[in-house]
There are 2 protein chains.
Amino acid sequence: MPSYFRVLSLLEEENAEVVSSQELGKRLQMTPAQIRKDLSYFGKFGKQGKGYNVSKLLGELRQILGLDREWSVALIGVGRLGRALLDYGELTPRGFKIAAAFDIDPQQIGKKVGGVVIQDVAELANTVKNRGIDIGIVTAPPSQAQQVIDCLVECGIKAILSYAPLTARVPKDVRLREIDPVLALQAMTYHLKCLGSS
Amino acid sequence: MPSYFRVLSLLEEENAEVVSSQELGKRLQMTPAQIRKDLSYFGKFGKQGKGYNVSKLLGELRQILGLDREWSVALIGVGRLGRALLDYGELTPRGFKIAAAFDIDPQQIGKKVGGVVIQDVAELANTVKNRGIDIGIVTAPPSQAQQVIDCLVECGIKAILSYAPLTARVPKDVRLREIDPVLALQAMTYHLKCLGSS
DNA sequence: GTGTGTGAATGTTTTCACAGCG
DNA sequence: CGCTGTGAAAACATTCACACAC
């Protein structure tokens, strides 16, 4: 559903007034029926014979997805990957502000990366409360990832994005998403392998 | 399914001989029945009363997923994100070698990052053929991503991992996976928003 | 007893097809 | 007419429950 939002943002930049489920389908590589079903789940946003008003639908989705506010994010683990995310320009303009960064390495603590001063992980609990952190991003090494995630959960964080290449255990009221590029690559090799037998 | 492989690798490091679907279920946050179904789709790998032999199952999965060989990857777009991936230590040990890197910026071309010399995108087609590239990773800016992807498709690449925040169009015989951290975050805010009404 | 492999039952998602509105 | 919204149908996925192997 967020990808609907993304493509509509693009359409707005292209000054499109209106869009049909067919056009959306083409852009998102899905069937028009799928898109109509998905959207109708939340309400009736379209006009028969016309399609969907881009900016109106964008507004509706913004509210539905909870993107009508800015979310505060804490990043734990300022290695190469963490740094890349701190420098990544797409987060802030799309509604996610990295409000704090943490590491365990004393050498790193106090340094400033991407406009944020790196704090000691010991201060995590405090900062989460004081700064009203909503979401945690875990870029700590695998050996410490589960520990960090447990800590975030204890702090009351309900949404975690993990870059650690392992399946972490969390209570079921906590949303956990994992990003592991290797997993994505491996999902494709299965199909590559069967290429001769077509 | 690749996550099965990942957790089994971990179990092997822990010197586990044998594992039950229940234990796997706990580690992967799924039901034992699910795991048995998935595995039985490819064959009968378990022993009743015992469970699955870790190293044997690992071997089977390696073959099934096509991980019994090394895959050559080309990375296009050596910005911050591309660099982070070139330096990312998990790719090579898990079977993916970045065999070539490309950029459009003349300032970058010829420089060496993470053991790979950056080449001009113009040489992409040639290199893909000569070096037997199997997979493309796109870390180019959004404005150029579709163009780069089209080029990879023309070169005969059948698997692409894109970090560009847009849904690219590819022929249906080409596997495309997208990684967009913002999309992952937005998928969670929907649930965060409804937190008061539980 | 313990834990797999599997048909049968259940639940969920995707597709179809069409009434009805602009 | 064109395109949405939506029940009904089809496809797909998950869970159950139990026979059977160790």
Side-chain angles (χ1 to χ4, degrees), chain A residues 1-5 7-8 11-12 14 16-61 63-65 167 169 172 175-177 183 187 190-191 194, chain B residues 1-5 7-8 11-12 14 16-61 63-65 167 172 175-178 183 187 190-191 194:
Chain A
M1 191 61 84
S3 54
Y4 289 22
F5 186 80
V7 79
L8 282 164
L11 280 164
E12 192 174 53
E14 292 169 18
E17 289 262 327
V18 135
V19 66
S20 67
S21 59
Q22 193 145 35
E23 173 65 18
L24 279 175
K26 249 185 243 158
R27 300 224 183 196
L28 289 164
Q29 310 260 260
M30 354 180 6
T31 73
Q34 184 65 69
I35 283 165
R36 292 204 301 275
K37 256 276 150 63
D38 287 351
L39 292 178
S40 72
Y41 175 78
F42 294 106
K44 304 182 181 187
F45 305 128
K47 281 210 168 67
Q48 288 98 328
K50 266 275 186 171
Y52 300 90
N53 177 303
V54 173
S55 62
K56 189 182 156 234
L57 183 53
L58 205 48
E60 298 278 1
L61 282 182
Q63 251 189 299
I64 291 164
L65 294 172
T167 311
R169 222 176 296 186
K172 56 190 162 316
R175 278 305 122 171
L176 174 68
R177 306 278 300 207
L183 239 51
Y190 168 68
H191 297 280
C194 324
Chain B
M1 189 62 85
S3 55
Y4 289 23
F5 187 80
V7 80
L8 283 164
L11 281 164
E12 192 174 52
E14 293 169 15
E17 288 262 328
V18 134
V19 67
S20 67
S21 59
Q22 192 145 37
E23 173 65 18
L24 279 176
K26 250 185 242 158
R27 300 223 184 196
L28 289 164
Q29 311 261 271
M30 358 182 2
T31 73
Q34 183 66 71
I35 283 164
R36 293 205 300 278
K37 255 279 150 61
D38 287 351
L39 292 178
S40 72
Y41 175 78
F42 293 105
K44 304 182 180 187
F45 306 130
K47 281 207 167 67
Q48 288 97 329
K50 267 275 187 173
Y52 300 90
N53 178 302
V54 173
S55 63
K56 189 181 156 238
L57 183 53
L58 205 46
E60 297 280 1
L61 282 182
Q63 251 189 298
I64 291 164
L65 294 172
T167 311
K172 57 189 161 316
R175 278 304 123 169
L176 174 69
R177 307 276 302 205
E178 292 177 31
L183 239 50
Y190 168 69
H191 296 281
C194 323

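Remember, it's a predicted structure, so these values are computed and weren't measured experimentally. Quick note on labels: first sequence line is chain A, next is B, and so on, each numbered from 1.
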Which pairs, protein N/O on one side and nucleotides 7-12 of chain C N/O on the other, fall under 3.5 Å?
| unit_1 | atom_1 | unit_2 | atom_2 | d |
| --- | --- | --- | --- | --- |
| dG7(C) | O6 | Lys37(B) | NZ | 3.2 |

How long is the span from the [atom1] atom in [X] to the [atom2] atom in [Y], to the nearest 0.5 Å?
| X | Y | atom1 | atom2 | answer |
| --- | --- | --- | --- | --- |
| Tyr190(A) | Arg175(B) | OH | CZ | 9.5 Å |
| Leu61(B) | Lys56(B) | CG | NZ | 11.0 Å |
| Thr167(A) | Leu176(A) | OG1 | CG | 8.5 Å |
| His191(B) | Leu65(A) | NE2 | CG | 10.0 Å |
| Asp38(A) | Leu28(A) | CG | CG | 10.0 Å |
| Glu12(A) | Glu17(A) | CD | CD | 10.5 Å |

Report, one pair per line, the protein and nucleotides 19-22 of chain C atoms (nitrogen or oxygen only) whose separation is under 3.5 Å.
none

Please work out which residues in residues 16-24 of chain B have a non-hydrogen atom less than 4.0 Å from an atom of DNA chain C and list them by number.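 When residues 16-24 of chain B is checked for heavy atoms under 4.0 Å from DNA chain C, the hits, listed by number, are Ser20(B), Ser21(B).
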Could you identify which residues of residues 27-35 of chain A place a heavy atom less than 4.0 Å from some atom of DNA chain C, listed by residue number, or say none?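 Output list: Thr31(A), Gln34(A).
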Select from Phe45(B) and Asp38(A) the residue whose nearest nucleotide in DNA chain C is closer to the 5' end of that strand.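 Nearer the 5' end of the strand: Phe45(B).
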Show the numbers, then the answer: is there a side-chain contact (heavy atoms from CB on, under 4.5 Å) between Gln63(A) and Phe42(A)? CA-CA 11 Å; Gln63(A) 251 189 299; Phe42(A) 294 106; over 6 Å; no
Would you kindly give the [atom1]-to-[atom2] distance between [X] and [N], to the nearest whole Å?
| X | N | atom1 | atom2 | value |
| --- | --- | --- | --- | --- |
| Glu60(B) | dT4(C) | CD | P | 16 Å |
| Phe42(B) | dT4(C) | CZ | P | 18 Å |
| Arg36(A) | dT15(C) | CZ | P | 12 Å |

Taking side chain as C-beta onward, heavy atoms only, is Leu11(B) less than 4.5 Å from Leu24(B)?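 Yes - at least one pair of side-chain heavy atoms lies under 4.5 Å apart.
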Counting C-beta onward and ignoring hydrogens, is there a side-chain heavy-atom pair between Val19(B) and Leu8(B) closer than 4.5 Å?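 Yes; the side chains approach each other to less than 4.5 Å.
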Nearest heavy-atom neighbours spanning Asn53(B) and Val18(B):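 So the minimum-distance heavy-atom pair works out to CA-CG2, 4.0 Å.
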Looking only at non-hydrogen atoms, find the nearest pair between Ile64(B) and Phe45(B) and report the distance.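 Closest approach of Ile64(B) to Phe45(B), heavy atoms only: CD1-CZ, 4.0 Å.
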Chain B contact limits on DNA chain D, taken 5' to 3' with a cut-off of 4.0 angstrom to heavy atoms: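 Terminal contacting nucleotides, 5' to 3': dT14(D) to dC22(D).
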Partner set under side chain to side chain contact (heavy atoms under 4.5 Å, CB included) for Ser21(A), not counting sequence neighbours: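 Testing Ser21(A) for side chain to side chain contact (heavy atoms under 4.5 Å, CB included), a comparison that skips the adjacent residues, returns Pro32(A), Ile35(A), Arg36(A), Tyr52(A).
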